[in-house]
Novice: 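One structure follows; several queries about it will come next.
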Amino acid sequence: MFGTKKKLKEKIIARLSPEFPVGPAEVELTSTPDQKLGDLAMSIAFPLSRKLKTNPQAIAAKLAELLAHLEGVERIEVAGNGYINLYLDRKQFFIEKFSNLKKTWLEPEEQKIIVEHTNINPNKAAHVGHLRNACLGDSLVRCLHYKGEKVEVQNYIDDTGVQVVEVVFGLMELEKKSLSELDRIPGKFDYYCWDLYTKVSRYLAENPEAQARKSVILKKIEQGLSPEADFAYQVSRRILRAHLATMKRLDIGYDVLPCESSILRLKFWEKAFEQLKKRGAVQLSKEGESAGCWVMKLDDNPEKEKIIVRSDGTVTYVAKDIAYQMWKFGLLGQDFYYEPFIEENGRTVWISSAEPTPYQVHFGAGSKVYNVIDVRQSYLQKIVVQGLKSLGYLEQADKSIHFSYEMVALSPGSLAEIKAELSAEDKDKAFLEVSGRKGLGIRADDLLDRLEKKALGEVDKRNPELPLPNRQKIARQIASASVRYFMLKYARNSLLVFDFDEALNFEGETGPYLQYTAVRIRSIFRKFEERFKASYQDFINHINPEKIDLNSLQTAEARDFWELVIYASGLDEEVLRSVVSLEFGGLAKFTFNLCQKFNSYYHHYPVLAEKDAKLRTLRLMTIYFVHERLCQALDLMGIQVPEKM
RNA sequence: GCGCCCGUAGCUCAGUUGGAUAGAGCGGCUGACUACGAAUCAGCAGGCCGCAGGUUCGAGCCCUGCCGGGCGCACCA
């Protein structure tokens, strides 16, 4: 559809521009509210009527006359009080789309795009809030790939921050563990730390004097002194492995894991600081509350200033982030060293190192950067961008995108299910924010386990003849699809109140519904091969699309066929819209609607049972067409199609 | 106090730079499995789009004010 519109638009402008003041900005082809009103609509007559001070209907009639006999357009009508509706040449359209199923009209625009997502503090298990981040980020990556962009996926690891420090504090001071005992802690280490982290938070709240001991540990970790730094290293690496394993369950992967410890040891900040000072982007505050600190003034509010370097010379989180952001754009004049961390499906995931390594790989230096971070960080992200601006990197500041989304909260029902202990104040709220510190959260692996268990039960009922490993694989695919669709279907600005009943539903607008639709189409393909003793793919490849006869279709079927075809052709546009708006709800909705339309079609028109060979072939082509588009859409959402369901 | 976001059906949410008759899912009520798989489909009920003004050919969408809710505004990350 994207390609069709693009071509049509050019032709329309060529026809109209000699007589009317119209250009690419004015001519907009939109869909009609009803198929009866045509396939594409233009509302250009309305703005023109204002400019030319005549009534819109008269202008529309004139325009329609100029547009008569456009290639690919069967007829044009003026409708309503001035809409111009285009009816496409259906056969030509279908043949073109059918013959170019693997092709996209979208084109890459950037040299290299960096997408940073997941970014979980390596001190506890991943929870549902992190899943939203990773699912959004991964779908963006997939859509950018589809568009033809070169993409690098980064997952930033804050392995020296206070969150890790608190777990180290817990291990050393509360649990009295030695470094060698760490490896021997049984079970899921990320779960162990989940509990330990809340225990430490409570301890620190009750024993304020312990803060000093914690600060000592923090300093030692930042300076790389043992054994504290070794503890932090062990803890963060082991939990990082757990996080990557969790994300792998959702088919989410990464190219590189830049670590804060590397940023500190390679002195990235010092390089950034020099540039900032030279440019006057930061000033040494002489008076007031911030005396002795290096601060950055805010563009939109000169009264306010943000502290970048503390009076004791240590750097804040934003400072490190500015340096990191500069590195992403290749503005630091320095790179990390790298070593392989793990291998996933034949893809190496690299991790940063402060020491030279034998590996000649390089990351960063993107032309555009997306940071997938929740909305609460908007203020800090703005400061990071301002840092780039005040250094004179205007283009980079412009292409430094904060992909923000609202947080995940828990419904009262969900809180009851995890047996959360709530304060009197929290009990009255309609929902509660996920909090690792309080231990309030649904762990990602717990959710996936529950979904898999439920899915396996359903698969067992329907496909008892399948071997257990197959059924388990299907259950995993269903659980993953369920989570991914759930995380994508909401607009990113809307607060997601997590509820088990909704998340565990496999019916209606859910991931499994989409999978089920694809499975049923494939089931027809399989039956075709059994019945006709021929490869379905070969059959499709040998069809001559020119020979199809759409006029032989009954009125209702012609309508339903066309609706399905034209809707399925909207994928390219939907992907582009997702990438531009960073909203994936539209893509999710598109896929769901496509499935609904197909399921309805499927109930009305038998395919294999159809006696008329020509009609059967046309229906086979139709469902093949839908299947291809559907699978592309599913892949963009990271949803796999099970062999059976 | 300042800034950002949200308010649409009983519930959870869509609504494509302002466009034609505001849509889904869940829940409720009717129906449809000897069929290419019922994790499905067909249908019914359910709406002062928070409230009040304004802008215009046209407003759920834009502007102003108000009401209700959330999140930011640290020498925390």
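In what follows, every chain begins at residue 1, and chains take the letters A, B, ... in the order their sequences are listed.
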Novice: What's A:Y605 touching, base or sugar-phosphate or nothing? Going by heavy atoms closer than 4.0 Å.
Specialist: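 Base contact - A:Y605 has a heavy atom under 4.0 Å of at least one base atom.
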Novice: A:S523 side chain: which of B:C13, B:A20, B:C36 is closest?
Specialist: B:C36
Novice: Taking any heavy-atom pair under 4.0 Å as a contact, classify A:N85: base, sugar-phosphate, or nothing.
Specialist: base
Novice: Side chain of A:F46: nearest nucleotide among B:G37, B:A77, B:C57?
Specialist: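 When the side chain of A:F46 is considered, B:C57 is the closest of B:G37, B:A77, B:C57.
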Novice: Between A:N493 and A:E583, do the side chains contain an N or O donor and an N or O acceptor separated by less than 3.5 Å?
Specialist: no
Novice: Please give, in whole Å, the distance from B:C75 P to A:E305 CD?
Specialist: 10 Å
Novice: Rounded off to whole Å, could you give me the CD-to-P distance for the A:Q377 and B:C4 pair?
Specialist: 19 Å
Novice: Atom CD of residue position A:E289 - does it have more than 12 heavy atoms of other residues, nucleotides or ligands inside 6.0 Å?
Specialist: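 Atom CD in A:E289 is not crowded, with 12 or fewer foreign heavy atoms closer than 6.0 Å.
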Novice: With rounding to the closest Å, how many angstrom separate the C1' atoms on B:C11 and B:G27?
Specialist: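 Here B:C11 and B:G27 have their C1' atoms 7 Å from each other.
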Novice: Counting any heavy atom closer than 4.0 Å, what does A:Y83 reach on the DNA or RNA strands: base, sugar-phosphate only, or nothing?
Specialist: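 A:Y83: base contact, heavy atoms under 4.0 Å.
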Novice: Using heavy-atom distances to pick each residue's nearest nucleotide on RNA chain B, tell me which of A:E222 and A:V607 is more 5'.
Specialist: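 Nearer the 5' end of the strand: A:V607.
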Novice: To the nearest Å, give me how far apart NZ (A:K320) and C1' (B:C75) are.
Specialist: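 So the two atoms are 13 Å apart, to the nearest Å.
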Novice: Is there a donor in the side chain of A:E116 and an acceptor in the side chain of A:N155, or the other way round, less than 3.5 Å apart?
Specialist: no
Novice: Quickly work out the A:N593 CG to B:G15 P distance and round it to whole Å.
Specialist: 12 Å
Novice: Generate the contact string for nucleotides 38-45 of chain B. Rules: B means base contact, S means sugar-phosphate contact only, - means no protein heavy atom under 4.0 Å.
Specialist: SBBSS---
Novice: Quick one: what's the B/S/- string for nucleotides 67-73 of chain B, heavy-atom cutoff under 4.0 Å, read 5' to 3'?
Specialist: ---SSSS
Novice: By the 4.0 Å heavy-atom rule, please label A:A481 as base, sugar-phosphate, or nothing.
Specialist: nothing
Novice: Reckon A:A409 touches a base, only the sugar-phosphate, or nothing at all at heavy-atom distances under 4.0 Å?
Specialist: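 No contact.
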Novice: In whole Å, I'd like the distance from the CG atom of A:D374 to the C1' atom of B:C5.
Specialist: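 Between C1' of B:C5 and CG of A:D374: 13 Å.
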Novice: So, A:Y485 versus A:E509: side-chain donor-acceptor pair below 3.5 Å or not?
Specialist: yes
Novice: Counting side-chain heavy atoms from C-beta on, which of B:A14, B:A77, B:C36 comes nearest to A:K589?
Specialist: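 Minimum distance to the A:K589 side chain belongs to B:A14.
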Novice: Can you measure A:K597 atom NZ to B:G23 atom P for me and round it to whole angstrom units?
Specialist: 13 Å
Novice: Output all residues satisfying side chain to side chain contact (heavy atoms under 4.5 Å, CB included) with A:D426, sequence neighbours left out; order by chain, then residue number.
Specialist: A:L422, A:S423, A:K429, A:L432, A:K438
Novice: Could you classify B:C63 for me, syn or anti, using a glycosidic angle within 90° of 0 as syn?
Specialist: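 Classified anti.
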Novice: What is the distance from CD of A:E573 to C1' of B:U17, rounded to the nearest Å?
Specialist: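 Atom-to-atom, A:E573 to B:U17, this comes out as 14 Å.
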Novice: Determine whether the side chains of A:T314 and A:D312 contain a donor N or O and an acceptor N or O closer than 3.5 Å.
Specialist: yes
Novice: Salt-bridged, A:E529 to A:R526, with N to O below 4.0 Å?
Specialist: no
Novice: In this structure, how many angstroms lie between the P atom of B:C75 and the CG atom of A:L284, rounded?
Specialist: 16 Å
Novice: Between A:S261 and A:D159, is any side-chain donor less than 3.5 angstrom from a side-chain acceptor?
Specialist: yes
Novice: So what does A:Q163 touch, heavy atoms closer than 4.0 Å: a base, only the sugar-phosphate, or nothing?
Specialist: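 Here A:Q163 touches no strand at all.
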